[in-house]
Structure formats: C-alpha cells, structure tokens
Visitor: 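Mind looking over this structure? Questions follow.
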Amino acid sequence: MPDEAATGPDRTITDEQEHEQQHVSLLYDRLDGLRRYAQSRLASVLLETGGTPQARSERESFTQMYSEDIAKYDAAENGLCFGRIDLDPEELEAGATAADARRYVGRVGILDEDDDYEPLLLDWRAPLARPFYLATTASPEGVTRRRHIRTRSRRVTGIADEYLDLEAAQRAGVAGTARGVAGESALLTALNAARTGHMADIVETIQSEQDAIIRSNHKSVMVVQGGPGTGKTAVALHRAAYLLYTYRQQLAKSGVLIVGPNATFLDYIGQVLPSLGETGVLLSTVGDMYPGVTATQQDSLETGAVKGSLDMVAVLKQAVRDRQSVPRKPITIPFDTYTVTLDRKIVSRARGRARSSRRPHNLARPLFVSAAVEALADQFAANLGANVLGGSNLLSREDVADIRDEMRQDSALMAAIDEYWPRLSPQQVLTDLLQSPERVDSAAPDLTPRQRALLHRDRHTGFSAADAPLLDELAELLGVDDAAERDRADREWRAQIEDAQGALDILTGSAPQDLEDELDPEILMAYDLVDASQLAQRHEMRQQLTAAERAAADRTWTFGHVIVDEAQELSAMAWRMLMRRIPNRWMTLVGDTAQTGDPAGSSSWQSVLEPYVANRWKLTELTVNYRTPSEIMAVAQDVLAAIDPDQSVPRSVRDSGSVPWARRVSREGLTAEVRARVAAETGPGLVAVIASEDTVADYRHLHGGSVSVLSVREAKGLEFDSVVVVEPAAIVGDSPRGMNDLYVALTRATQRLGVVHSEALPEVLSKLTPPA
C-alpha cells in the first residue's frame with residue numbers, strides 16, 4: 001500500500017484541464033491515423049493473390065496483425081489517456097525539457113512521428129508507466145505529481161492531482177494530506193459507482209500489491225490468494241493482458257486460457273480484455289473445456305463430489321476394459337459359402353496382443369482386428385484344406401493373405417469381431433456407463449453402494465460440468481484413431497483442387513479469343529498467375545481461425561499460459577484435465593480457500609499442486625478489500641473465523657454508511673418479504689437475491705431488469721450494489737461446506753446487505769440487527 005500523498009480536489013474547467021484537453025485531442029488524432037493506416041494496409045493485403053508459399057504465409061501474418069491492431073485501437077477509444085506523472089527535473093538527463101518531465105499513461109502506446117518517435121502516450125503495461133501505480137511519498141521513484149485524467153467520449157471532464165513531493169504540493173497551494181490507496185479519489189469513484197452487470201477494467205486504479213502480481217515474471221504456478229473484494233479476478237485479467245504484451249510472440253501462437261466458474265461469470269468479465277486491447281484469449285468453464293460438448297445438466301453436490309474424485313480414474317479404466325470382451329460361446333459366421341468360428345480362445349489371444357501394446361483402446365484396435373482376422377484366416381485355410389483339398393493344405397502364403405483381405409471386406413465378419421473390441425468415443429463410453437447400474441457395479445467395485453447409486457442416471461439428457469473431466473480422461477484412455485479422418489481430409493482437399501481447377505477452366509474459356517489474339521503475349525492473364533493448388537490454398541487461408549478459436553476445437557491444444565479464477569472450486573479430476581492443457585505449468589491461479597463451496601473442491605493449495613509441480617509454486621496474497629464495505633465485513637469476519645480462524649480478514653478501504661440488517665418472518669411470509677425488500681431498492685445499480693439450491697426456484701419470478709435471483713454457486717465471483725440473502729440456515733445446511741457458501745453470499749454486495757429468514761440465524765450472524 002502506498003504511503004501518504006497530498007491530494008488536491010477535483011478541478012472544474014481550468015487552464016490545466018484545457019492543456020490536458022489539447023494533449024488528449026492530439027492523442028485521438030494520432031489514434032485515428034493509426035487506425036486508418038491499419039485499415040488501409042489490411043485492405044491492401046486482402047486484395048493480393050498468388051505468390052510463393054512464403055508470400056502467402058506472410059500475407060496471413062499481416063492480415064492477423066492488422067486485424068488485431070484495428071481491434072486494439074477500437075478498444076482504446078474509451079478512456080484512451082487516463083493519467084500523467086510529472087518527474088523531478090533533477091532526475092532527468094541534461095538538456096531535458098519541461099515536456100520530457102511529463103509522461104502520459106493510457107491503454108495503448110502512441111509515438112510522436114514528428115519528434116523522433118518520442119512517446120506521446122505510454123501503454124499502461126510498459127516499464128516506464130509503472131511509477132504511475134507504485135510511486136508513494138515514501139518511495140516517489142522520481143515522481144513529484146501523479147495526475148488522474150477523467151474523460152467522456154473524447155472530452156476531458158476532470159482532473160485530480162496527488163503530490164508525492166510535499167514541497168511541490170505547497171508551491172501548488174495544496175493543503176493537507178490524505179492517507180490511503182494510490183489514486184484514492186479515482187478509486188473511490190470507481191468503487192462507489194453503480195454496478196452495470198459487466199466487470200470494468202481497473203487499469204486506471206491498479207494498486208501496488210495488485211501491480212506486483214500483474215507484472216510478476218514467475219514462470220511456474222503462481223497462486224493469488226485473496227479474500228472477497230480484493231480484486232483477484234481483475235488482477236488475473238490484467239495479468240493476462242500484461243503477459244500478452246510482454247510475451248507477445250510466444251503467447252500469440254499458443255494462446256492464453258482463462259477458466260471461470262460458470263457462464264454467467266464469463267459473460268460478466270467478457271468485456272475486460274477487449275477493453276484492454278486483447279482479443280486472442282479463450283474463456284471457458286470447466287464444463288465447456290471438452291470440444292463439442294456443452295454442459296447442460298447440473299449434478300447434485302454429492303454426485304459432483306463422486307465424479308470429481310480421483311477414484312474415477314480407476315473406474316474409467318475398468319469401464320474401457322469391460323468393453324474389451326470375449327464371447328461366452330463360439331460364434332459361427334458365414335464366409336464364402338463356408339463358415340468360420342469365432343471362439344473365446346481366438347478373441348482372448350487377440351485381446352492379449354492388443355493389450356500388451358499398451359496403446360490406448362482405439363489405437364490398439366487394429367492390432368486386435370489383425371490378430372483375430374489372422375486366426376480366422378488360418379482356420380478357414382485349414383478347414384478348406386481338410387474338406388476340399390483332400391486333407392492337404394496346398395494354399396500358399398499369398399492365398400492366405402488374400403483370404404485375410406477378403407475377410408476385412410466382409411461386413412458380417414467384421415461386425416462380429418468389432419463386438420469384442422469396438423471403436424469407442426468418450427461420449428459413448430460415459431453415457432453407457434452411467435445409464436447401466438451393471439456397468440457401474442463392474443467398473444467401480446471399490447466405490448460404496450451409495451456412490452455407485454449416485455453415478456447412475458436413468459436416461460441420457462446431456463452432460464454436466466463434472467462430466468467434462470471424465471470425457472477428457474476417457475479420450476486419453478481411448479485415443480483417437482484418425483486414419484479415417486485423414487482420408488476424409490485428403491478427399492476434401494482433392495475436391496477443393498478440382499473445384500479450383502474448374503473455376504480456372506471457366507475463366508480460361510470465358511476469355512474472348514479475339515481479345516487473347518490482340519493482347520501482348522507478355523501480358524499475363526489471371527490463370528497464368530495462379531494454379532488450382534494455389535487457388536485452393538488461398539481459399540483455405542481466408543478461413544484461418546485465431547489461436548483461441550483453434551484451441552477451442554482441439555482437445556490436445558497446449559496453451560502458453562493458463563489462468564484459473566475461483567481455482568479452489570476445481571475437483572481433482574478437473575485439475576487432471578487442466579494440466580494436460582498446460583505442460584509447461586506456467587499458470588496463475590486465483591481464489592480463496594475460505595470460499596470453497598463445492599465438496600469436490602480444495603481447502604489446500606499444497607494438496608492440489610504437489611502432484612503436478614511439487615514445491616515449484618509461489619503463493620502471493622491480496623490483503624485489501626476494495627469491493628466490500630467495512631460494515632459488511634464486520635459481519636462476514638465472524639463467518640470466516642468459523643471456517644478458518646487462521647485466515648486474515650482483508651481490510652476494507654471504505655465505509656458505505658449502510659448497516660447490514662436481518663428480518664425474521666414466518667415461513668409463509670418469506671416470499672412476500674423478499675419481494676418487498678427488492679421493491680424498496682430504488683437506487684441505481686443491481687440487486688441480487690441469493691438463496692439455497694433447494695429454495696432459489698421459489699424466488700425466480702423476481703428475476704428481471706436490475707434484479708438477479710441466484711444460488712450461491714451461480715453468484716460465485718459476481719458483485720451487486722445490494723444483496724438480500726434468504727434463509728442463511730438453509731444455505732449452511734445445503735452442503736458440507738455450507739459455511740463457506742454463506743461467506744460467499746454475504747460478500748457479494750458493494751453497498752447494502754440484508755437477510756430475510758424464518759429459521760433461527762446461525763450463531764455467526766449474531767451481529768445483525770433488525771432494519772431501521
């Protein structure tokens with residue numbers, strides 16, 4: 001936290017503000033010029049055709065680069081410049097001017113083309129911009145004044161100064177000091193603003209402990225532990241933007257993955273990175289990380305805990321082995337006017353050969369099929385020799401090989417073989433397993449009867465978030481036999497070349513003969529410049545996807561960096577899936593073990609990370625609560641003490657002036673009281689009603705407009721101006737970690753908190769009093 005800083009009042013229209021308006025206008029003029037240049041170059045590149053493979057690759061790179069530049073400039077339009085730092089003249093080099101002592105900070109970097117490309121605006125991530133966030137009176141880092149510039153559209157609407165040099169403050173006629181966070185005026189304005197339903201970036205008000213995490217160059221797993229309201233999510237998102245800025249070449253190709261707790265949360269944070277000029281990031285929930293599958297079902301907490309346990313690894317392995325069966329009795333199969341017999345001995349030997357390869361199921365299948373066909377062909381040859389050739393087998397090796405080939409083309413025979421080692425998909429195996437109590441009993445003998453019953457479902461209606469890690473595990477166990485896919489891709493490519501050749505033939509045939517005769521032979525026609533293959537490649541290039549889009553469709557994609565929000569909620573199986581996506585183990589995990597609500601989640605970072613990185617991880621902490629006012633934290637801290645007495649309470653930076661309350665009514669009067677309390681919220685901003693999983697449906701009719709009705713699980717990571725918590729005792733009783741859920745529910749509010757209940761309040765809420 002910064003030390004004391006002399007802070008002047010926000011100013012109205014002054015000479016200083018007019019000066020800043022002139023500079024901001026210049027910056028927007030430069031931004032418009034950069035945007036026009038990028039648009040012009042993009043249009044030019046898209047018009048180019050033909051050329052060598054290298055030229056086509058370069059065009060693709062330029063297309064992506066200019067497209068990203070345009071997106072970045074568009075994103076920087078709102079709040080382009082938000083700050084300035086004035087440096088001590090004695091810290092400058094000899095010959096420096098007054099202009100050199102000023103550094104403007106904003107969303108993107110802009111250079112002055114008329115002055116040896118000196119910086120007109122520093123990107124907030126640039127090293128030279130860092131004193132804007134870190135300078136204090138105790139450690140000014142050469143800064144005498146920090147100025148916050150507020151803009152709307154392209155107009156400067158206000159400025160606020162902080163003097164870090166008290167002599168400079170006295171010369172400016174600023175009296176008194178203000179103790180607190182850096183940019184206190186700007187920060188408190190942002191914190192007290194009404195919520196909009198979408199997270200805003202904090203690029204203007206990043207604090208020193210947040211900045212240290214955002215800019216950390218730690219190259220293994222960094223855990224950011226922080227209580228509610230400490231800005232964990234904002235820090236994670238700004239860290240993503242910083243890493244993409246600092247390691248652009250590395251991360252642009254491999255991509256950055258951000259994992260959030262639910263779709264509502266991802267929608268809530270979805271505008272932050274684009275506002276910072278970064279669009280090449282994949283946002284996903286755990287339930288959507290398996291390509292082609294979207295989590296549409298919700299498991300009970302108990303079922304989710306079973307599916308999230310590492311016990312499921314052995315269950316899934318056995319489920320796959322159970323599909324590698326042997327016939328109970330011999331099967332007679334007609335073949336070429338004769339019959340062959342597929343018996344237990346043949347299948348067992350073929351299965352042994354396939355299993356001994358230790359390949360995944362689908363990749364070992366060709367070995368099984370080959371062994372079975374070979375045994376059946378030998379059997380057929382022996383029978384043919386005995387019954388037709390007078391007891392002597394005169395068939396050559398070539399003859400037997402031909403028999404094997406014919407057997408591979410026989411659909412009835414291959415169907416019989418496939419029955420005992422079928423080609424499987426993860427979706428097929430998991431669906432069949434969960435719908436069959438017999439399959440569950442066979443695959444999970446070490447689970448309790450209760451656990452096996454929790455896994456069973458009567459019919460398949462879709463997958464849950466807890467199923468995605470199971471599908472991913474099965475994909476590893478099954479493998480992908482992509483020979484057919486490669487053949488299909490080859491056929492499609494040949495078809496594209498044929499289509500391209502057809503287009504060129506039409507173009508060639510459409511040229512008037514007399515025109516061709518009149519043209520100078522040195523002048524080349526379009527079909528002289530490109531062949532069918534090049535034209536097809538050009539079409540393919542226009543269909544190129546971004547790294548994030550390619551990663552979303554590719555289960556085996558490995559990312560350059562992974563950020564996980566609410567990381568404490570991930571199950572052991574989810575961690576297995578996630579770690580496959582990040583073999584370099586460069587991760588940022590943000591969370592709070594005191595807020596773990598999922599029974600499959602974790603209460604210890606050490607237990608989560610030790611199997612994957614041993615002790616090569618770093619713990620950092622956020623200690624300041626920016627969201628939750630002190631009045632609410634005074635109530636929540638008793639809940640935290642019941643969860644973990646050793647956890648420290650994050651310090652709130654502000655008071656709201658609103659005292660949290662609790663009102664008890666009859667069970668029959670709950671709904672009416674909640675409705676009345678929601679209706680009484682007439683101020684700006686958002687209101688949330690948070691109830692237990694079992695009762696939240698009773699209040700869904702209140703949802704709409706500025707009112708959200710959520711379970712604790714759905715509210716995770718979100719914030720609202722006002723929160724009404726319904727029946728805390730039911731929330732606590734909902735799960736083994738119900739106290740953690742209550743802590744989450746109480747700390748979603750930025751201004752006002754109320755509790756409506758019919759049952760007795762948990763003892764930890766004894767500080768609550770009836771509303772005034």
Side-chain angles (χ1 to χ4, degrees), residues 1-2 68 72 83 85 103 105-109 119 122-136 139 141-143 182 201-226 230-259 272-273 276-282 547-548 558-565 567 578-579 581-591 605-606 608-610 612-624:
M1 292 299 301
E68 289 176 352
K72 177 175 66 176
I85 50 178
R103 292 179 186 170
V105 181
R107 296 180 179 277
V108 296
L122 292 172
D123 190 300
W124 66 275
R125 296 166 288 192
L128 288 177
R130 197 172 189 190
F132 181 78
Y133 301 108
L134 297 187
T136 69
S139 179
E141 300 194 20
V143 177
D201 63 65
I202 60 167
V203 64
E204 302 176 33
T205 56
I206 293 170
Q207 301 302 303
S208 59
E209 70 172 6
Q210 297 172 328
D211 185 83
I213 294 169
I214 290 169
R215 297 176 192 264
S216 172
N217 292 322
H218 184 67
K219 282 298 188 75
S220 186
V221 178
M222 182 167 70
V223 176
V224 183
Q225 166 79 27
T230 53
K232 299 184 297 296
T233 299
V235 167
L237 295 174
H238 287 68
R239 176 159 171 77
Y242 172 78
L243 293 176
L244 284 164
Y245 173 86
T246 307
Y247 303 98
R248 176 75 61 188
Q249 187 172 6
Q250 174 184 347
L251 295 179
K253 294 180 180 179
S254 57
V256 173
L257 170 66
I258 297 180
V259 180
V272 174
L273 283 168
L276 298 173
E278 299 297 347
T279 56
V281 175
L282 178 63
T558 56
F559 292 89
H561 191 81
V562 168
I563 293 174
V564 186
D565 204 339
L578 189 64
M579 290 298 179
R581 270 64 171 176
I582 187 73
N584 68 3
R585 301 294 191 259
W586 190 19
M587 308 174 74
T588 302
L589 312 178
V590 298
W605 298 117
Q606 179 70 33
V608 165
L609 297 174
E610 190 172 30
Y612 302 103
V613 294
N615 293 318
R616 300 186 307 277
W617 60 282
K618 176 182 179 181
L619 177 66
T620 60
E621 292 192 69
L622 293 170
T623 61
V624 179

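Just so you know, these numbers come straight off a predicted model, no measurement behind them.
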Visitor: Could you pull out every donor-acceptor pair under 3.5 Å between side chains of residues 245-254 and any protein atom, sequence neighbours left out?
Guide:
| residue | atom | partner | partner atom | Å |
| --- | --- | --- | --- | --- |
| T246 | OG1 | Y242 | O | 2.9 |
| Y247 | OH | N217 | OD1 | 3.1 |
| R248 | NE | L244 | O | 3.1 |
| R248 | NH1 | E278 | OE1 | 2.9 |
| R248 | NH2 | E278 | OE2 | 2.8 |
| S254 | OG | Q250 | O | 3.2 |
| S254 | OG | G560 | N | 3.2 |

Visitor: Hey, what do you get for CG (L619) to CD (Q606), rounding to the nearest 0.5 Å?
Guide: 10.5 Å
Visitor: Do you know the tightest heavy-atom contact between V203 and H238?
Guide: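 Smallest heavy-atom distance, with atoms named: N-NE2, 3.4 Å.
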Visitor: Y612: what forms a ring pair (Phe, Tyr, Trp, His ring centres under 6.0 Å) with it, not counting sequence neighbours?
Guide: none
Visitor: Please examine the side chains of V272 and I202, heavy atoms only from C-beta on, and report whether any two atoms are closer than 4.5 Å.
Guide: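 I202 does not reach V272 side chain to side chain.
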Visitor: Charged N to carboxylate O below 4.0 Å: is that the case for D211 and R130?
Guide: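 Yes.
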Visitor: I'd like to know if the side chain of S220 reaches the main chain of R616, judged simply by a donor and an acceptor atom lying under 3.5 Å from each other, with no hydrogens or angles considered.
Guide: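 Indeed, once roles are kept as given, a pair shorter than 3.5 Å links the two residues.
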Visitor: Counting only N and O atoms by type, is there a donor-acceptor contact under 3.5 Å from the side chain of S208 to the main-chain atoms of Y133?
Guide: no
Visitor: Can a side-chain donor-acceptor contact be found between E209 and T623 if the only test is distance below 3.5 angstrom?
Guide: yes
Visitor: Under 3.5 Å, is there a donor-acceptor pair between the side chain of R239 and the main chain of S216?
Guide: yes
Visitor: Just wondering, are more than 12 heavy atoms of other shown residues or ligands nearer than 6.0 Å to NZ in K618?
Guide: no
Visitor: Do H561 and T588 have side chains that approach each other closer than 4.5 Å (heavy atoms only, starting at C-beta)?
Guide: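 H561 vs T588: side chains touch.
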Visitor: Would you check if the side chain of K232 reaches a backbone N or O of G226 as a donor-acceptor pair within less than 3.5 Å?
Guide: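 Pair found, side chain donor or acceptor close to backbone of G226.
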Visitor: With sequence neighbours excluded, tell me which residues meet salt bridge (charged side-chain N to carboxylate O under 4.0 Å, His left out) with R585.
Guide: none
